[in-house]
There are 2 protein chains.
Amino acid sequence: MPTQRIYGDACTIARALDVVGERWALLIVRELLFGPQRYSDLRHALPGASSNLIADRLRELDANGVVLRRRLPPPAASWVYELTARGRRLEPVLYALGAFGSDVPVPRDAYLSATSALLYLRQSARPEHRWPVTVCGIQLEDQPFTVRSKQGRIEVRRGEPEQAVARLQTTPWGLMELISDPSRLSDADVAGDPGVFQRLFATIAG
Amino acid sequence: MPTQRIYGDACTIARALDVVGERWALLIVRELLFGPQRYSDLRHALPGASSNLIADRLRELDANGVVLRRRLPPPAASWVYELTARGRRLEPVLYALGAFGSDVPVPRDAYLSATSALLYLRQSARPEHRWPVTVCGIQLEDQPFTVRSKQGRIEVRRGEPEQAVARLQTTPWGLMELISDPSRLSDADVAGDPGVFQRLFATIAG
DNA sequence: CCGCATCCGTTTCGATACTG
DNA sequence: CAGTATCGAAACGGATGCGG
(Lines give C-alpha, C1' and ligand atoms only; values in the text may rest on other atoms or scores of the structure.)
Protein backbone atom coordinates (compact mmCIF):
# COMPACT_ATOMS: atom_id res chain seq x y z
CA MET A 1 0.00 0.00 0.00
CA PRO A 2 1.71 3.18 -1.21
CA THR A 3 2.35 5.87 1.34
CA GLN A 4 0.67 9.20 1.02
CA ARG A 5 2.01 11.36 3.77
CA ILE A 6 3.11 14.80 2.75
CA TYR A 7 4.93 17.62 4.49
CA GLY A 8 2.22 20.21 3.97
CA ASP A 9 4.99 22.70 3.19
CA ALA A 10 4.76 25.01 0.18
CA CYS A 11 8.51 25.16 -0.36
CA THR A 12 9.68 23.52 -3.58
CA ILE A 13 12.24 21.49 -1.63
CA ALA A 14 9.52 20.00 0.56
CA ARG A 15 7.33 19.37 -2.47
CA ALA A 16 10.18 17.48 -4.14
CA LEU A 17 10.54 15.40 -0.99
CA ASP A 18 6.81 14.69 -1.07
CA VAL A 19 7.51 12.87 -4.34
CA VAL A 20 10.92 11.26 -3.81
CA GLY A 21 11.57 11.67 -0.10
CA GLU A 22 10.33 8.26 1.01
CA ARG A 23 12.82 5.55 1.68
CA TRP A 24 14.32 3.79 -1.39
CA ALA A 25 12.61 6.11 -3.88
CA LEU A 26 15.77 7.89 -5.02
CA LEU A 27 17.74 4.65 -5.13
CA ILE A 28 15.17 3.20 -7.50
CA VAL A 29 15.54 6.29 -9.66
CA ARG A 30 19.31 5.81 -9.54
CA GLU A 31 18.97 2.28 -10.86
CA LEU A 32 16.95 3.50 -13.82
CA LEU A 33 19.43 6.20 -14.86
CA PHE A 34 21.17 4.13 -17.52
CA GLY A 35 18.09 2.50 -18.95
CA PRO A 36 14.86 0.63 -18.23
CA GLN A 37 14.85 -2.19 -15.71
CA ARG A 38 12.52 -4.98 -14.84
CA TYR A 39 11.12 -5.49 -11.38
CA SER A 40 13.45 -8.40 -10.74
CA ASP A 41 16.44 -6.36 -11.92
CA LEU A 42 15.59 -3.72 -9.35
CA ARG A 43 15.27 -6.35 -6.66
CA HIS A 44 18.72 -7.62 -7.55
CA ALA A 45 20.21 -4.13 -7.59
CA LEU A 46 18.63 -3.19 -4.26
CA PRO A 47 19.00 -6.34 -2.16
CA GLY A 48 18.31 -4.44 1.06
CA ALA A 49 14.82 -3.39 -0.02
CA SER A 50 11.94 -5.76 0.52
CA SER A 51 9.78 -6.74 -2.40
CA ASN A 52 6.62 -4.95 -1.32
CA LEU A 53 8.59 -1.76 -0.74
CA ILE A 54 9.88 -1.76 -4.30
CA ALA A 55 6.42 -2.45 -5.65
CA ASP A 56 4.93 0.36 -3.52
CA ARG A 57 7.58 2.85 -4.53
CA LEU A 58 7.20 2.02 -8.20
CA ARG A 59 3.46 2.63 -7.92
CA GLU A 60 4.05 5.96 -6.22
CA LEU A 61 6.71 7.05 -8.68
CA ASP A 62 4.43 6.01 -11.51
CA ALA A 63 1.51 7.94 -10.03
CA ASN A 64 3.74 10.99 -9.71
CA GLY A 65 5.01 10.79 -13.28
CA VAL A 66 8.58 9.93 -12.36
CA VAL A 67 8.64 6.44 -13.85
CA LEU A 68 6.66 4.69 -16.54
CA ARG A 69 5.59 1.04 -16.62
CA ARG A 70 5.94 -0.24 -20.14
CA ARG A 71 5.51 -3.59 -21.88
CA LEU A 72 8.46 -4.80 -23.93
CA PRO A 73 7.88 -5.67 -27.63
CA PRO A 74 6.47 -9.19 -28.29
CA PRO A 75 9.36 -11.64 -28.12
CA ALA A 76 10.24 -10.46 -24.61
CA ALA A 77 6.68 -9.62 -23.48
CA SER A 78 7.73 -8.61 -19.98
CA TRP A 79 7.36 -5.30 -18.17
CA VAL A 80 9.99 -2.69 -17.58
CA TYR A 81 10.15 0.51 -15.61
CA GLU A 82 11.84 3.52 -17.09
CA LEU A 83 12.31 7.15 -16.15
CA THR A 84 9.99 9.69 -17.69
CA ALA A 85 11.27 13.10 -18.80
CA ARG A 86 10.29 14.32 -15.37
CA GLY A 87 12.18 11.48 -13.74
CA ARG A 88 15.34 12.39 -15.62
CA ARG A 89 15.08 15.84 -14.07
CA LEU A 90 16.15 14.11 -10.85
CA GLU A 91 19.64 13.52 -12.24
CA PRO A 92 21.03 16.75 -10.73
CA VAL A 93 19.58 15.75 -7.37
CA LEU A 94 21.39 12.42 -7.50
CA TYR A 95 24.67 14.00 -8.54
CA ALA A 96 24.45 16.58 -5.77
CA LEU A 97 23.73 13.85 -3.23
CA GLY A 98 26.62 11.82 -4.61
CA ALA A 99 29.01 14.72 -4.18
CA PHE A 100 27.91 15.17 -0.59
CA GLY A 101 28.01 11.48 0.20
CA SER A 102 31.54 10.92 -1.07
CA ASP A 103 33.05 11.57 2.33
CA VAL A 104 30.52 9.54 4.30
CA PRO A 105 32.14 6.26 5.34
CA VAL A 106 31.15 3.14 3.40
CA PRO A 107 29.04 0.85 5.63
CA ARG A 108 30.39 -2.58 6.48
CA ASP A 109 29.51 -5.34 4.02
CA ALA A 110 28.00 -2.78 1.70
CA TYR A 111 26.55 -3.86 -1.61
CA LEU A 112 27.46 -2.11 -4.84
CA SER A 113 25.18 -2.24 -7.86
CA ALA A 114 26.41 -2.17 -11.42
CA THR A 115 24.76 1.21 -11.92
CA SER A 116 26.51 2.63 -8.86
CA ALA A 117 29.92 1.50 -10.02
CA LEU A 118 29.40 3.05 -13.44
CA LEU A 119 28.06 6.25 -11.91
CA TYR A 120 31.32 6.44 -10.01
CA LEU A 121 33.30 5.91 -13.20
CA ARG A 122 31.25 8.47 -15.06
CA GLN A 123 31.58 11.00 -12.29
CA SER A 124 35.30 10.70 -11.65
CA ALA A 125 36.89 9.90 -15.01
CA ARG A 126 38.01 12.97 -16.93
CA PRO A 127 38.93 11.92 -20.46
CA GLU A 128 40.93 14.61 -22.17
CA HIS A 129 38.96 16.80 -24.46
CA ARG A 130 41.20 16.21 -27.47
CA TRP A 131 40.91 12.41 -27.34
CA PRO A 132 38.87 10.88 -30.14
CA VAL A 133 35.43 9.53 -29.36
CA THR A 134 35.92 6.05 -27.99
CA VAL A 135 33.32 3.36 -27.46
CA CYS A 136 33.93 0.40 -25.21
CA GLY A 137 31.85 -2.23 -23.51
CA ILE A 138 31.82 -3.01 -19.82
CA GLN A 139 29.96 -6.05 -18.61
CA LEU A 140 29.26 -6.23 -14.91
CA GLU A 141 27.80 -9.52 -13.70
CA ASP A 142 26.13 -10.30 -17.02
CA GLN A 143 24.82 -6.78 -17.42
CA PRO A 144 26.25 -5.17 -20.56
CA PHE A 145 26.87 -1.43 -20.71
CA THR A 146 28.09 0.81 -23.47
CA VAL A 147 30.58 3.40 -22.31
CA ARG A 148 31.41 6.23 -24.66
CA SER A 149 34.10 8.79 -23.86
CA LYS A 150 33.40 11.88 -25.82
CA GLN A 151 34.69 15.43 -25.53
CA GLY A 152 35.86 15.30 -21.96
CA ARG A 153 32.87 13.34 -20.78
CA ILE A 154 31.62 9.82 -20.39
CA GLU A 155 28.24 8.60 -21.46
CA VAL A 156 26.90 5.32 -20.17
CA ARG A 157 23.88 3.37 -21.29
CA ARG A 158 22.65 -0.15 -20.86
CA GLY A 159 23.18 -2.59 -23.68
CA GLU A 160 25.94 -4.06 -25.83
CA PRO A 161 27.93 -1.55 -27.87
CA GLU A 162 27.59 -1.82 -31.64
CA GLN A 163 31.30 -1.58 -32.29
CA ALA A 164 33.67 -1.31 -29.40
CA VAL A 165 37.44 -0.99 -29.40
CA ALA A 166 37.63 -2.95 -26.16
CA ARG A 167 35.46 -4.95 -23.81
CA LEU A 168 35.93 -5.54 -20.11
CA GLN A 169 34.16 -8.10 -18.00
CA THR A 170 34.19 -7.85 -14.21
CA THR A 171 31.97 -7.13 -11.20
CA PRO A 172 30.96 -3.79 -9.68
CA TRP A 173 33.58 -4.10 -6.92
CA GLY A 174 36.06 -5.43 -9.46
CA LEU A 175 35.57 -2.29 -11.52
CA MET A 176 36.19 -0.13 -8.45
CA GLU A 177 39.46 -1.97 -7.83
CA LEU A 178 40.56 -1.54 -11.43
CA ILE A 179 39.79 2.15 -11.22
CA SER A 180 41.83 2.58 -8.05
CA ASP A 181 44.70 0.48 -9.43
CA PRO A 182 44.66 0.36 -13.24
CA SER A 183 47.79 -1.78 -13.30
CA ARG A 184 45.59 -4.75 -12.40
CA LEU A 185 44.05 -4.47 -15.86
CA SER A 186 46.73 -6.88 -17.01
CA ASP A 187 45.01 -9.61 -14.98
CA ALA A 188 41.51 -8.58 -15.95
CA ASP A 189 39.17 -10.12 -18.48
CA VAL A 190 39.66 -7.69 -21.35
CA ALA A 191 39.04 -8.22 -25.05
CA GLY A 192 40.44 -5.79 -27.60
CA ASP A 193 42.78 -2.94 -26.68
CA PRO A 194 43.35 -2.76 -22.89
CA GLY A 195 45.02 0.63 -23.36
CA VAL A 196 41.62 2.23 -23.70
CA PHE A 197 40.71 1.34 -20.13
CA GLN A 198 44.25 2.02 -18.95
CA ARG A 199 44.12 5.59 -20.24
CA LEU A 200 40.58 6.21 -19.06
CA PHE A 201 41.11 4.92 -15.53
CA ALA A 202 44.39 6.81 -15.25
CA THR A 203 42.47 10.09 -15.42
CA ILE A 204 40.89 9.35 -12.05
CA ALA A 205 42.71 10.94 -9.15
CA GLY A 206 43.02 9.02 -5.89
CA MET B 1 15.70 8.00 20.11
CA PRO B 2 17.62 8.69 16.89
CA THR B 3 17.15 6.28 14.04
CA GLN B 4 19.95 3.93 13.17
CA ARG B 5 18.96 2.32 9.89
CA ILE B 6 21.28 2.50 6.92
CA TYR B 7 21.01 1.32 3.34
CA GLY B 8 24.09 -0.86 3.39
CA ASP B 9 24.88 0.42 -0.11
CA ALA B 10 28.36 1.60 -1.03
CA CYS B 11 27.13 4.17 -3.56
CA THR B 12 27.80 7.77 -2.55
CA ILE B 13 24.15 8.61 -3.19
CA ALA B 14 23.00 5.99 -0.72
CA ARG B 15 25.63 7.09 1.79
CA ALA B 16 24.37 10.65 1.54
CA LEU B 17 20.86 9.38 2.20
CA ASP B 18 22.14 7.48 5.23
CA VAL B 19 22.96 10.90 6.68
CA VAL B 20 20.12 13.12 5.44
CA GLY B 21 17.57 10.71 4.01
CA GLU B 22 15.37 10.42 7.06
CA ARG B 23 12.20 12.40 7.25
CA TRP B 24 12.57 16.13 8.08
CA ALA B 25 16.36 16.05 8.02
CA LEU B 26 16.77 18.09 4.84
CA LEU B 27 14.06 20.53 5.87
CA ILE B 28 15.93 21.23 9.09
CA VAL B 29 19.05 21.87 7.03
CA ARG B 30 17.00 24.20 4.84
CA GLU B 31 15.94 26.24 7.84
CA LEU B 32 19.55 26.70 8.89
CA LEU B 33 20.74 27.94 5.50
CA PHE B 34 20.51 31.65 6.33
CA GLY B 35 21.87 31.43 9.83
CA PRO B 36 21.73 29.66 13.20
CA GLN B 37 18.37 28.86 14.74
CA ARG B 38 17.18 27.84 18.14
CA TYR B 39 15.18 24.68 18.74
CA SER B 40 11.99 26.67 19.17
CA ASP B 41 12.65 28.59 15.95
CA LEU B 42 12.88 25.29 14.12
CA ARG B 43 9.66 24.11 15.69
CA HIS B 44 7.97 27.27 14.50
CA ALA B 45 9.38 26.93 10.99
CA LEU B 46 8.41 23.26 10.74
CA PRO B 47 4.98 23.12 12.36
CA GLY B 48 4.26 19.70 10.87
CA ALA B 49 7.16 18.03 12.65
CA SER B 50 6.69 16.74 16.17
CA SER B 51 9.03 17.90 18.90
CA ASN B 52 10.80 14.60 19.46
CA LEU B 53 11.41 14.24 15.74
CA ILE B 54 13.22 17.56 15.57
CA ALA B 55 15.26 16.71 18.64
CA ASP B 56 16.16 13.30 17.23
CA ARG B 57 17.15 14.69 13.85
CA LEU B 58 19.27 17.40 15.39
CA ARG B 59 21.12 14.78 17.40
CA GLU B 60 21.69 12.68 14.30
CA LEU B 61 22.78 15.65 12.21
CA ASP B 62 25.10 16.70 15.03
CA ALA B 63 26.56 13.20 15.31
CA ASN B 64 27.16 13.19 11.56
CA GLY B 65 28.84 16.57 11.53
CA VAL B 66 26.11 18.35 9.59
CA VAL B 67 25.02 20.73 12.34
CA LEU B 68 26.67 22.10 15.44
CA ARG B 69 25.06 22.86 18.79
CA ARG B 70 26.50 26.07 20.15
CA ARG B 71 25.85 28.29 23.17
CA LEU B 72 25.17 31.92 22.45
CA PRO B 73 27.32 34.58 24.17
CA PRO B 74 26.29 35.49 27.79
CA PRO B 75 23.37 37.93 27.56
CA ALA B 76 21.38 35.47 25.42
CA ALA B 77 22.74 32.27 26.99
CA SER B 78 20.57 30.00 24.94
CA TRP B 79 21.54 27.29 22.46
CA VAL B 80 21.51 27.50 18.72
CA TYR B 81 22.01 25.03 15.94
CA GLU B 82 24.03 26.00 12.92
CA LEU B 83 25.34 24.30 9.82
CA THR B 84 28.92 23.10 9.83
CA ALA B 85 31.11 23.43 6.74
CA ARG B 86 29.96 19.93 5.87
CA GLY B 87 26.35 20.93 6.34
CA ARG B 88 26.75 23.82 3.93
CA ARG B 89 27.86 21.27 1.33
CA LEU B 90 24.20 20.24 1.23
CA GLU B 91 23.22 23.53 -0.41
CA PRO B 92 23.51 22.10 -3.94
CA VAL B 93 21.31 19.18 -2.90
CA LEU B 94 18.61 21.57 -1.70
CA TYR B 95 18.78 23.68 -4.84
CA ALA B 96 18.55 20.62 -7.06
CA LEU B 97 15.56 19.37 -5.11
CA GLY B 98 13.98 22.81 -5.31
CA ALA B 99 14.36 22.87 -9.07
CA PHE B 100 12.71 19.47 -9.34
CA GLY B 101 9.93 20.33 -6.92
CA SER B 102 8.90 23.52 -8.63
CA ASP B 103 6.30 21.73 -10.77
CA VAL B 104 4.93 19.57 -7.98
CA PRO B 105 1.56 20.99 -6.89
CA VAL B 106 1.44 22.93 -3.65
CA PRO B 107 -0.48 20.93 -1.01
CA ARG B 108 -3.67 22.38 0.39
CA ASP B 109 -3.26 24.60 3.46
CA ALA B 110 0.49 24.44 3.05
CA TYR B 111 2.70 26.32 5.44
CA LEU B 112 5.51 28.56 4.18
CA SER B 113 8.47 29.41 6.37
CA ALA B 114 10.36 32.68 6.18
CA THR B 115 13.43 30.82 4.94
CA SER B 116 11.45 29.15 2.17
CA ALA B 117 10.03 32.44 0.93
CA LEU B 118 13.48 34.01 0.81
CA LEU B 119 14.95 30.95 -0.89
CA TYR B 120 12.34 31.46 -3.57
CA LEU B 121 13.27 35.14 -3.90
CA ARG B 122 16.96 34.33 -4.01
CA GLN B 123 16.44 31.61 -6.57
CA SER B 124 14.19 33.48 -8.95
CA ALA B 125 15.24 37.13 -8.82
CA ARG B 126 17.84 38.08 -11.42
CA PRO B 127 19.18 41.53 -10.57
CA GLU B 128 21.04 43.00 -13.53
CA HIS B 129 24.76 42.67 -13.34
CA ARG B 130 25.40 46.38 -13.83
CA TRP B 131 23.20 47.47 -10.94
CA PRO B 132 25.08 48.84 -7.93
CA VAL B 133 25.30 46.70 -4.83
CA THR B 134 22.09 47.28 -2.90
CA VAL B 135 21.30 46.30 0.67
CA CYS B 136 17.77 46.12 1.95
CA GLY B 137 16.00 44.60 4.89
CA ILE B 138 13.08 42.24 4.78
CA GLN B 139 11.28 41.38 7.97
CA LEU B 140 9.02 38.35 7.87
CA GLU B 141 6.91 37.82 10.98
CA ASP B 142 9.44 39.48 13.29
CA GLN B 143 12.36 37.71 11.71
CA PRO B 144 14.77 40.22 10.20
CA PHE B 145 16.81 39.36 7.13
CA THR B 146 19.44 41.26 5.23
CA VAL B 147 19.11 40.97 1.47
CA ARG B 148 22.00 42.12 -0.66
CA SER B 149 21.76 42.24 -4.44
CA LYS B 150 25.22 42.10 -5.85
CA GLN B 151 26.55 41.38 -9.30
CA GLY B 152 23.58 39.56 -10.67
CA ARG B 153 22.97 37.62 -7.49
CA ILE B 154 21.16 37.88 -4.21
CA GLU B 155 22.66 37.08 -0.84
CA VAL B 156 20.44 36.54 2.15
CA ARG B 157 21.40 36.24 5.79
CA ARG B 158 19.55 36.47 9.06
CA GLY B 159 19.76 39.71 10.99
CA GLU B 160 19.10 43.41 10.62
CA PRO B 161 21.07 45.16 7.87
CA GLU B 162 23.60 47.75 9.02
CA GLN B 163 22.52 50.35 6.50
CA ALA B 164 19.67 49.59 4.16
CA VAL B 165 18.20 51.73 1.40
CA ALA B 166 14.79 50.21 2.06
CA ARG B 167 12.99 47.98 4.49
CA LEU B 168 9.94 45.81 3.91
CA GLN B 169 7.80 44.16 6.51
CA THR B 170 5.40 41.39 5.60
CA THR B 171 4.80 37.64 5.97
CA PRO B 172 6.22 34.73 3.97
CA TRP B 173 3.01 34.43 1.91
CA GLY B 174 2.81 38.21 1.69
CA LEU B 175 6.27 38.25 0.16
CA MET B 176 5.21 35.65 -2.39
CA GLU B 177 2.26 37.82 -3.38
CA LEU B 178 4.42 40.89 -3.72
CA ILE B 179 6.83 38.94 -5.91
CA SER B 180 4.03 37.74 -8.18
CA ASP B 181 2.45 41.20 -8.34
CA PRO B 182 4.96 43.95 -7.49
CA SER B 183 2.32 46.63 -8.04
CA ARG B 184 0.95 45.75 -4.60
CA LEU B 185 4.11 47.22 -3.11
CA SER B 186 2.26 50.53 -2.93
CA ASP B 187 0.03 49.03 -0.24
CA ALA B 188 2.87 47.27 1.56
CA ASP B 189 4.70 48.25 4.72
CA VAL B 190 7.84 49.72 3.19
CA ALA B 191 10.28 52.19 4.69
CA GLY B 192 12.80 53.99 2.49
CA ASP B 193 12.82 53.66 -1.29
CA PRO B 194 10.14 51.23 -2.51
CA GLY B 195 11.73 51.33 -5.98
CA VAL B 196 14.43 48.95 -4.79
CA PHE B 197 11.91 46.19 -4.22
CA GLN B 198 9.96 47.20 -7.32
CA ARG B 199 12.99 46.76 -9.55
CA LEU B 200 14.13 43.58 -7.86
CA PHE B 201 10.76 41.83 -7.97
CA ALA B 202 10.22 42.91 -11.55
CA THR B 203 13.15 40.69 -12.62
CA ILE B 204 11.16 37.62 -11.67
CA ALA B 205 9.35 36.06 -14.59
CA GLY B 206 5.88 34.63 -14.03
C1' DC C 1 8.77 30.56 28.38
C1' DC C 2 12.33 27.38 26.45
C1' DG C 3 14.19 22.88 25.47
C1' DC C 4 13.38 19.03 25.31
C1' DA C 5 11.55 13.83 27.22
C1' DT C 6 7.87 10.58 27.67
C1' DC C 7 3.89 8.26 26.36
C1' DC C 8 0.94 6.19 22.89
C1' DG C 9 -1.85 5.25 18.74
C1' DT C 10 -0.86 4.91 13.79
C1' DT C 11 1.95 4.34 9.76
C1' DT C 12 5.72 2.60 7.51
C1' DC C 13 9.40 -0.57 7.10
C1' DG C 14 11.77 -5.05 6.74
C1' DA C 15 11.72 -9.96 6.36
C1' DT C 16 9.73 -13.89 4.74
C1' DA C 17 6.21 -16.65 2.75
C1' DC C 18 3.09 -17.22 -0.79
C1' DT C 19 0.42 -16.88 -5.49
C1' DG C 20 -0.84 -16.31 -10.60
C1' DC D 1 9.09 -13.68 -13.21
C1' DA D 2 6.33 -10.26 -11.03
C1' DG D 3 4.50 -9.19 -7.83
C1' DT D 4 0.86 -10.00 -2.90
C1' DA D 5 0.03 -11.19 1.83
C1' DT D 6 1.23 -11.26 6.36
C1' DC D 7 3.33 -9.90 10.56
C1' DG D 8 6.62 -8.15 14.07
C1' DA D 9 9.68 -4.17 14.62
C1' DA D 10 10.78 0.42 14.02
C1' DA D 11 9.68 5.08 12.97
C1' DC D 12 6.48 8.76 12.88
C1' DG D 13 2.92 12.14 14.62
C1' DG D 14 0.45 14.30 18.22
C1' DA D 15 -0.28 15.36 22.99
C1' DT D 16 1.28 16.14 27.27
C1' DG D 17 4.71 16.56 31.07
C1' DC D 18 8.43 18.72 33.33
C1' DG D 19 12.81 20.66 34.91
C1' DG D 20 15.43 24.93 34.51
Side-chain angles (χ1 to χ4, degrees), chain A residues 1-9 14 17-28 31-32 36-63 67-72 74-82 107 109 111 142, chain B residues 1-9 14 17-18 20-28 31-32 36-63 67-72 75-82 107 109 111 142:
Chain A
M1 181 183 318
T3 178
Q4 90 234 16
R5 73 185 160 183
I6 58 175
Y7 283 107
D9 187 316
L17 291 172
D18 282 338
V19 174
V20 292
E22 301 300 315
R23 208 162 160 75
W24 294 104
L26 282 173
L27 298 188
I28 289 175
E31 287 303 317
L32 299 177
Q37 290 282 81
R38 292 174 307 174
Y39 178 84
S40 54
D41 299 327
L42 293 172
R43 288 220 60 190
H44 179 248
L46 301 168
S50 52
S51 55
N52 52 5
L53 244 290
I54 294 185
D56 284 352
R57 287 299 168 269
L58 286 170
R59 257 191 296 272
E60 284 177 52
L61 293 171
D62 186 7
V67 308
L68 201 69
R69 188 167 181 270
R70 191 165 57 82
R71 171 168 262 134
L72 283 184
S78 70
W79 294 89
V80 290
Y81 296 90
E82 67 183 344
D109 302 323
Y111 178 83
D142 299 353
Chain B
M1 187 178 318
T3 178
Q4 185 58 13
R5 69 186 163 184
I6 58 175
Y7 283 107
D9 187 316
L17 292 172
D18 283 337
V20 292
E22 300 300 316
R23 208 165 160 74
W24 295 104
L26 281 173
L27 298 187
I28 289 175
E31 288 303 318
L32 298 177
Q37 290 281 82
R38 291 176 307 173
Y39 177 83
S40 55
D41 298 327
L42 294 172
R43 287 221 61 189
H44 180 248
L46 301 168
S50 54
S51 58
N52 52 6
L53 247 291
I54 295 185
D56 284 353
R57 287 297 168 271
L58 286 170
R59 254 191 299 273
E60 283 177 54
L61 293 171
D62 187 7
V67 308
L68 201 68
R69 190 166 181 267
R70 192 165 57 83
R71 171 168 260 134
L72 283 184
S78 71
W79 294 89
V80 290
Y81 295 90
E82 68 182 343
D109 302 323
Y111 178 83
D142 297 354

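Convention: sequence-line order gives letters A, B, ...; per-chain numbering from 1.
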Boundaries of the DNA chain C segment in contact with chain B, non-hydrogen, under 4.0 Å: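 Under 4.0 Å from chain B, the extent on DNA chain C is C:dG3 to C:dG14.
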Straight-line distance of A:R59 CZ to A:T3 OG1, nearest 0.5 Å: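 Nearest 0.5 Å value for the CZ-OG1 distance: 12.5 Å.
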Distance in Å, A:D56 CG paired with A:L61 CG, rounded so as to fall on 0.5 Å steps: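 Output value for this atom pair is 10.5 Å.
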Nucleotide interval of DNA chain D bounded by contacts with chain B (heavy-atom cut-off, under 4.0 Å):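 In short, chain B contacts DNA chain D from D:dA11 to D:dA15.
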Enumerate donor-acceptor pairs with a distance under 3.5 Å from any side-chain N or O in residues 43-53 of chain A to protein atoms, sequence neighbours excluded.
residue	atom	partner	partner atom	Å
A:S50	OG	A:N52	OD1	3.0

Contacts of A:Y111 that satisfy ring pair (Phe, Tyr, Trp, His ring centres under 6.0 Å) - sequence neighbours left out: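 Testing A:Y111 for ring pair (Phe, Tyr, Trp, His ring centres under 6.0 Å), a comparison that skips the adjacent residues, returns none.
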For B:Y39, all residues meeting ring pair (Phe, Tyr, Trp, His ring centres under 6.0 Å), sequence neighbours excluded: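 None.
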Residues which pass salt bridge (charged side-chain N to carboxylate O under 4.0 Å, His left out) with A:E22, listed by chain and number, not counting sequence neighbours: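 For A:E22 the salt bridge (charged side-chain N to carboxylate O under 4.0 Å, His left out) partners, ignoring immediate neighbours, are A:R5, B:R23.
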For A:D18, salt bridge (charged side-chain N to carboxylate O under 4.0 Å, His left out) partners two or more places apart: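 So A:D18 forms no salt bridge (charged side-chain N to carboxylate O under 4.0 Å, His left out) with any residue.
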Residues forming a side-chain hydrogen bond (donor to acceptor under 3.5 Å, both in side chains) with B:Q37, sequence neighbours excluded: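 side-chain hydrogen bond (donor to acceptor under 3.5 Å, both in side chains) check on B:Q37 returns B:R158.
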Test log, rule side chain to side chain contact (heavy atoms under 4.5 Å, CB included), inputs A:W24 and A:I54: CA-CA 8 Å; A:W24 294 104; A:I54 294 185; over 6 Å; no
Residue list, side-chain contact (heavy atoms from CB on, under 4.5 Å) with B:D109, at least two apart or on another chain: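 With sequence neighbours excluded, B:D109 shows a side-chain contact (heavy atoms from CB on, under 4.5 Å) to no residue whatsoever.
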B:D62 and B:L58, any side-chain heavy atoms less than 4.5 Å apart: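 In short, these two side chains do not touch, never coming nearer than 4.5 Å.
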Nucleic acid contacts of residues 47-62 of chain B, taken as heavy-atom distances under 4.0 Å to DNA chain C: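 DNA chain C contact set from residues 47-62 of chain B: B:S51, B:N52, B:R59.
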Helix axis bend for the helix from C:dC1-D:dG20 to C:dG20-D:dC1 - C1'-based end axes, five pairs, 10° rounding: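 For the helix from C:dC1-D:dG20 to C:dG20-D:dC1, the axes at either end differ by 20°.
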Please table the atom pairs, donor to acceptor, closer than 3.5 Å between any side-chain atom in residues 75-82 of chain A and protein atoms at least two apart or in another chain.
residue	atom	partner	partner atom	Å
A:Y81	OH	A:R69	NE	3.2
A:E82	OE1	A:R70	NH2	3.4
A:E82	OE2	A:R70	NE	2.7

